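Values in this document were obtained by computation on a predicted structure and should not be read as measured data.
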Amino acid sequence: MLKESARYKLTTLHTSDIHKNKFKASFLQFDGYTDLFSTLESLINVCILASHVEGDSNDPGLDIRKTLELANKLLPFDEGEFLDEAYGLFVQNKLK
């Protein structure tokens, strides 16, 4: 049951085809390079705003929204469910 659960829920990271012993996130998708660069720019702009350094951002609200959307995408809820199930199984086996 644990192996079956892992197969379907541990999907966030996959081994990199390019770099040995590295992983890549499988769930990040962009509409193209412009969207990727725009999102990276937003992350940088939010960091600048958060550090109280004057920036050239035209729309800080948009930068904050894009940063929070990316942070939301990074939350591995399926892995959390798997870890909860695994913990329950380990606790059950420990008590026996």
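One distance of note links NZ of Lys66 with CG of Leu43; it measures 9.5 Å at 0.5 Å rounding. Between Ile44 atom CD1 and Phe37 atom CZ the span is 11.0 Å, to the nearest 0.5 Å. For the atom pair CG (Leu89) and CZ (Phe82), the distance works out to 8.5 Å, reported to the nearest 0.5 Å. Residue Thr67 holds its OG1 atom at 9.0 Å from CG of Leu62, rounded to the nearest 0.5 Å.
The existence of a salt bridge linking Glu69 and Lys73 is excluded, since no basic side-chain nitrogen approaches an acidic carboxylate oxygen closer than 4.0 Å.
Formation of a donor-acceptor pair under 3.5 Å by the Thr39 side chain with backbone atoms of Asp35 is found in this model.
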